[in-house]
Amino acid sequence: DAEIFFKSAMTEQAEEWGTHTKVLSTRGKGLRRTIPKGFPYFNVEWDDGGFAQIIENESNSNSFKDFGLDTIAGMMGLDPMKFNRRKKEDTSFDSERAAVLDFVKTWKEFDWTLALDGGE
């Protein structure tokens with residue numbers, strides 16, 4: 001059950017996020033009435049409520065940055081380090097231009113704009 005899995009993971013992570021280690025329920029009152037204004041937090045919601053936890057120790061941002069993805073990967077039995085991670089891509093103008101030209105070449109047979117007046 002996802003709710004139990006997330007609550008357990010948030011409880012285990014609590015000490016790294018600060019001294020406020022309680023996992024807060026948002027059921028019946030919503031997130032706005034659960035977390036004080038201006039506090040950083042992690043939140044997961046379902047139709048009838050969810051859980052939130054205040055993050056007091058933002059200096060260790062790696063511990064909460066991918067927490068949700070890592071928890072879902074764990075639920076699915078996948079390696080959290082590989083789950084939904086993209087390789088760092090070269091974003092130089094030349095590499096982006098090459099990618100666009102490759103896309104145009106691949107989809108040329110489906111390009112209906114070529115049939116328009118002046119299309120090549």
Specify the closest pair of heavy atoms between A52 and N43, including all atoms of both residues, with the distance to one decimal.
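The answer is CB-ND2, 3.9 Å.
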
Those residues that, when tested against D48, pass side-chain contact (heavy atoms from CB on, under 4.5 Å) (two or more places apart)
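Only E3, R27, W46 meet the side-chain contact (heavy atoms from CB on, under 4.5 Å) criterion with D48.
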
Just by distance, do the side chain of [X] and the backbone of [Y] share a donor-acceptor pair under 3.5 Å?
| X | Y | value |
| --- | --- | --- |
| T26 | G50 | yes |
| S8 | I4 | no |
| S95 | S92 | yes |

Side chain proximity check, Q13 to F42, heavy atoms < 4.5 angstrom:
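No, their side chains stay 4.5 Å or more apart.
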
Check whether any side-chain heavy atom of E96 sits under 4.5 Å from a side-chain heavy atom of D94, and report yes or no.
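Sidechains of D94 and E96: no contact.
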
Could you measure the distance from the [atom1] atom of [X] to the [atom2] atom of [Y]? Nearest 0.5 Å is fine.
| X | Y | atom1 | atom2 | answer |
| --- | --- | --- | --- | --- |
| E45 | F51 | CD | CZ | 9.5 Å |
| I55 | Y41 | CD1 | OH | 10.0 Å |
| T34 | R32 | OG1 | CZ | 11.5 Å |
| L24 | I35 | CG | CD1 | 5.0 Å |
| I54 | K22 | CD1 | NZ | 10.5 Å |

If Ile, Leu, Val, Met, Phe, Trp and Tyr residues are connected whenever their side-chain heavy atoms lie under 4.5 Å apart, and connections chain through other members, are F6 and M76 in the same group?
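Same hydrophobic cluster.
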
Could you go through K108 and L114, starting from their C-alpha distance and side-chain angles, then the distance that decides it, and tell me whether this counts as side chain to side chain contact (heavy atoms under 4.5 Å, CB included)?
CA-CA 9 Å; K108 188 173 186 169; L114 296 176; 3.9 Å; yes

Before giving the answer on side chain to side chain contact (heavy atoms under 4.5 Å, CB included), spell out for I72 and F5 the whole-Å C-alpha distance, their side-chain angles and the decisive distance to 0.1 Å.
CA-CA 9 Å; I72 292 170; F5 207 99; over 6 Å; no

